[in-house]
Each structure stands twice: as C-alpha cells, then as structure tokens.
Participant: 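Quick one: structure below, then a few questions.
Every chain is numbered from 1 and lettered A, B, ... according to where its sequence line falls, protein lines coming before strand lines. Note: hydrogens, waters and symmetry copies are ignored here, and every other heavy atom, side chains too, is used.
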Amino acid sequence: MKLDLPPHCQILLNGLTNPACLTRYCDSDWELLIRMARRVKLLGRLGLLVKEYGTWDQVPPRVSTQLTSGLVQVEKLQQLNRWELNRVLWALNDFDTSIIALKGIAYSLAAIPHASGRLSVDLDLLVHQSDLADIESLLVVKGWKHRPLSAYDEHYYRVWSHEIPPLVHAERETEVDIHHTLIPLTNRVKIDPKLLFDAAIPVKNSTIRLLSPVDMVIHCAVNLFQNNELANDLRDLLDLHDLMVFFSERTPDFWTWLIDRSNQLKLSKTVFYGLYFSQLIFNTPVPGKALVRLHARPGRLKLWIMHRLVPLALFPQHPDKPMLSASLARLLMYLRSHLIRMPLYILLPHLIYKSLRKIRFKSRKSRS
Amino acid sequence: MVVNQIPFEEFHMLLHRQGLRVAIGPFNVCIHTSYKPLIEQLYLLYSHYRITQDEIAEFHVRIVTERSLRNPFKRNIRFLLDGQSPFESFPQEQALAVLEWGINLAIAVRVNHLLLLHSAVVEKNGHVILFPAWPGSGKTTLCTVLSYQGFRLFSDEFGLMDTQQQLFLPIPRLMPLKNESIAVIRNYLPDIVMGRPIPNTQKGTVAHVRPPEKSILLSKHTCKARWIIFPKWIADTPVKIEAISDSEAFMMLASNAFNYEALGATGFCAVADLIRSCDCFKLVYSDFDSVMEVLHQLTNET
Amino acid sequence: MHWRTNHFETLLIENWDEEYTVFQPDSGKTHFLNHMSMKMLIYLDQKPATLEEISAYLAVQFQQEPDHDFQRNIEKVLYHFDTLGLVKKSFVGS
C-alpha cells in the first residue's frame, strides 16, 4: 500500500526528509512548513537539518529567525533535562541502585544523530520497582515535590500506571517522570523490566544506564503504538526512524536481534506497526524478511484501517483548514489507545471522569 | 500601503477572507476575524500599520465567535494561535483586549532569536531609555505620555534586543491603559486616539491608545540603549531620580525578562553588556511634568 | 571530608564592584554572589579543602573571628552551593 498524504502534510514530510527540496520552497510553503513543524515539535529539528545541509543563508529571513528560536528552545530544554538528570543522580548518590534514562535524554546520551534537535520537555527514568519507594522519598527529602493531584489521578498513577506521579524540584521546572516498567499495568500486554535491566548498557563517566539498542527501539515503538494517542506524534515516529537507521548501520545483526527480542517480549505486533509506519513514512530501510519473522502481525483488514488512519493522526492538521477526516482519525486513535491500555470496566469510568473534569474546569475558568 | 489608505470595506474583506497581514515592528502578524465590532476598532487603532499581504507572517491569529457554554443565548469570542486556543473564551466586548493580549503572549512564548526584556522602551536623541516593568511602575502610562511628548515609542511591553549588535528593535503596539490611568491620560493628552474603554477584563477596565504615526513609520530604526530607569509611581511625591548599583540593575532586569533564561549564556552576556553601557536609575514620580523635566535634563546632558 | 568546586572553569563571572553575577552553563542559572562567596569558590578551585580550612581562610581574609557561628554559616553556604551544583563533596584528600 502506498502513502497517500494531503498536500500540506507532504510539504512537511519533504522538508524533514529531503532538505534539498527546501531551496525550491516559496514563501507560502515555508510559512506553512514552519507552522506545522512547530505544531509537531519539529521546528528545532528542521532548523538543525537546514544548518547541516548548509542552506541556512538561502532561507527567507523571517523563516531563519523562527528556526533560530526553535533551536534555542530545543537547546534550552535539553540543557534543563541534562541538569535535572545531574541533580537526580546527585540526590541519589549514596543509594545503591541502577537507573535507566529513557527517551530524549537517552537519545542524546547514545549520540543518536539529530538528537540535539529533539524537543524534550520531561526527564524520563526507569528504576527497579523494589527501589521505587526509596528513590521517591529520597528525592522528596532533597526538594522534589509532586504537583497537587486529585484523588482520582493519584489512584490512577499508583495503581494502574507504569510511572509514579511526576516530581518537580521546588527551584526548577523540569518534570521528572519515574517509571517502574514501560507499559501501564492495566494493559493486556506485559513487559518484564528485569529483562530490560539485564541488557542495559552503562554510559561512560556516569552511573546512568541506557536500554540496549533493540530495547530502546522497542520502547520507542511501544510508547507510540501502545501508550500514546498518536495525534501529532510525528516526532516520535521520527525518533524511531532515527534509532533504527543509526543502530542498523552500526550493528550487522541489528534487525535479527530486534525481531527476536520483540518476539521474546511478546511485543511483536507493536513493533510491527513501528517498522511498518517508519518505513511507509520515512523510508526506513527495514529488510522485507524482518516483518515476516515477527510472531504477531495485524490482519489485512486491520492493517488497511491503520494504514488509512495512523498518518492522518500523526501529521498535524492544516492550521487554517482542519480536515474532518483527520479529526475522525484522531478520535479513533484516541479510543484505540485507551482500549488497549485499559479493560472496559476501568476505561469507561476513566473517560467519563476525564470529560466531566474538563467541563467543570471550563465552567470554573469562565466564572473567574 | 498603510491601513488607512484602503477603504473600510477592503480592510473588512481582508480580515474576513485571507487574513490581514500587518507589520508590527520586526514581525508580521496575520489576523483573521469576522467579528464586525472588532474590525471597526482595528480600522481606527491599526490605521498607521503597514500592510504586508505578500510577506511571510510569523504569527497567525484569529478571533472567532462561539456560543457560550453556560449561557446559550450569549456569544463569546475565542483567540486562536495557529488554530490552537491558548486560553478560554471571553465575553465578546473584550475582543480587542483579548487579541492584543494573545499577540503579546505569542511573541513572549515563541521569540528566542532576540532577547525579550519586560520593559517599556522609548528613544530620544538616538538613544534608548528602558523602563523595566516591576510592580507599580506604571510603565504603560508613563510610556504613553512620553511617546506623545517628544520621545519615540519603541514599546510599552517588550524590550527587543538583538544580542549580537546590542541594538533595540522598535515594536510599537497599542498601549493598554488600565483603570484610573484612562481618565488621567484623557485629561493630560486630550488629542490622542484611544479605543473604547473595555470594562471587567482580567486587568479591570482597559482602553487602548493608538501609537503615534511617526513611531510606527520609523519602526525599522534601531538604537542602542543608554539609560535604564526603574520607575515607580507614588501619589503626591516629588520626583526623585537616583543611581542604583549595576548588580542590582542586572538582577532586576534579568529576573523580569521573558526569555532571559532560555537564551542561556547569550542572555547573560547581553545583559552584562547592556548594564555596562547604560546608566541605571530608580525614579519615583507622581506627576508627568516633572518627570519630563528630569528626563529632558538627563537626555540632553550627553 | 573535603569540599571542591564543580566545573568552576565553565562559569561566566561578571564583577560589579565586588558583587558578582555568575552564569552556570550546566544549570542555566544566574547566581548573585557576594565577595565572600566568590572568594570561597576561588579558594576551593585552587585545592579541595575541609570546612575548617575554608573557615580559617575566610576569617583571615575578612577579619572575622573563626568561631563556631562563623563556621556554621560557612557550612550553610557550602550545603546550599552543593544543591546548586557549584561545589561538591570529595572524600579523597586532594
């Protein structure tokens, strides 16, 4: 099946994958490109690409100032992330445990190409469940606080989620999300974090660890196709593409290992979607054999539906002319993400609670 | 082409159809709205802005009307930035205030290629004076008076600084007077153009002053800063200006900027250079005439 | 236990008549330091030192009594600087 994108999405995709074509962009293409890249957290990435490609001076001045702003923002957030990690490790210095860095900060530590252009807001860490309570109380003693939460949210985090309520240091702004596994506990799919810790890789001159390359790729796919709602998540698919390109070029057996590990962790269907859409949208060089070796794959009808819906959800809407079909795709992906995350007896009260709270919040705001 | 050179019908059509693009300082803002009372206000208050239909716009904003959730017979307005709504809806009388507030927010959260100080800025004799915001500074009121009394308006809100060249960029926008200042300015400057007072906004009653035509015409002329003055309005006190230490000025300026932290070392070096090249003062005042006298003295000394 | 500076060489320091604004690239924060704090950092940057050594040095520099209270205050500043990442503890002699 081919990728069939509306023109505004094509402008974004071409800009991200083929910087050469940017020299042909007219002012209105650039304007739209900037607006959409910003929407999906890829303005910094775009700025980095233009710099690397050496065409910065040919970009219209009103565009290069915006790319600069995007790069400054990305750089700042990454610096905040690095510092937050530094301070967390400082606070836990006397506590013997092993901590794995996840997502954006991990991509920087692993020196994945273009990681420096990634917009990363929160600091994500994975710790042993058995150390979780100690780590949480140590951080609280050293100045980190939980944001005020409703009783429902507290319950949601503590009982069903794969992370504890976010912690923020009193004098800083970066949110620390501490995970004890990679998938919400309510999910039908389970993952054994011990396997991840056993394969984790130390980082030079630091006590922090990283997931092994294949686990990092799997986590990225899991996050996108199990945990997220997919709307505007193009950046996360691009992460997946970057990771696979980087690791497959350095490790000859990467694809075999990736498929074996996915089968072992029983995450092959999720990984299938990751490989499929990364290849479909970003032309990731996934070997044909790889997909076939995955133990679980979606059926033809299901894949056809996902093929129609996923790109519409991942790409941003046209900022002036939102499409109904894309809104519908997003709604369906939202429902799907919740359905796989929770059994119905939890999901229905959860969605009702969330929508009620939204309405209450709205009316409170309009009163004040 | 300037807004007041096109007929109202054309202005209305631009806002309604493809969006009106105007140059506000270094930025182009594209505004969409079909809300007639707002269009009428804008035609008057934006009349000196240059129209830039064929240029790239950095900001795309909309004011749309919608039915109120709580009262279906009432209509509200909503501000959209690139189709996203950063705040809740507001009563429709507040459309102009919400539009102006929204554009300020967009500038404050997005612009990082310049240092954004939170300060009123005016120019005299080729040099810029900064009046940084701090509680009770009355910077907008003071700035309104100055910009109609021989000083060139750069901004009542944003000190936009090009950190490489240490130049300030004008961004003359409508100046929102609040509460008592509205009557004070009407008395002091009876001839200036001001929008209708808008009651019950989040900041009380607000009325927008149109910036002087000349300030808008010259809005590409950048200048270096020479003075930083922290003003404070205190009723019935004689005017007093006194020097403050550089470290204190640094702290007050940096801790109150929009993106000082985001710029990292660039912001630090820019503020340090700025403080070094400026004289820094605290100013206490209660009436405009004596402030003018003090400032004229200060600016003519050099 | 010894105290030492943490990436002192990366700090950007502006001296305003013996008051200092210090930019710390690691944290992205700007700190406002008085003369004594700055002396302390410069001293610790020469070599790691114990609380007693630091107190004794600063007491001489600023003509203070190196009594218990003085030392307590220096200790407080050290712990505060530790949370800011300006100094760190070191358990090896030099």
Participant: What part of C:F23 lies closer than 4.5 angstrom to a heavy atom of chain B: side chain, backbone, both or neither?
Facilitator: both
Participant: Which residues from residues 50-80 of chain C are near chain B, with near meaning under 4.5 Å between non-hydrogen atoms?
Facilitator: none
Participant: Test B:M161 against B:V271 for side chain to side chain contact (heavy atoms under 4.5 Å, CB included), laying out the working first.
Facilitator: CA-CA 10 Å; B:M161 184 186 176; B:V271 172; over 6 Å; no
Participant: Please determine, by modelled atom types, if C:Q24 and C:H31 share a side-chain donor-acceptor pair under 3.5 angstrom.
Facilitator: yes
Participant: Suppose we call two aromatic rings close when their centres sit under 6.0 Å apart. Are C:F32 and C:Y20 close by that rule?
Facilitator: no
Participant: Under 6.0 Å between the ring centres of B:F168 and B:H127?
Facilitator: no
Participant: Can C:D26 and C:H7 be counted as having a side-chain donor-acceptor contact under 3.5 angstrom?
Facilitator: yes
Participant: In plain terms, say whether B:D279 and B:R226 are close enough for a salt bridge, that is, a side-chain N and a carboxylate O under 4.0 Å apart.
Facilitator: yes
Participant: Could you verify whether a donor N or O on one side chain and an acceptor N or O on the other, from B:S286 and B:D236, lie under 3.5 Å apart?
Facilitator: no
Participant: Could you check which of B:A262, B:S255, B:S247 has the highest count of heavy-atom pairs closer than 4.5 Å to chain C?
Facilitator: B:S247
Participant: With only heavy atoms counted, which part of B:A254 is less than 4.5 Å from chain C, the side chain, the backbone, both or neither?
Facilitator: neither
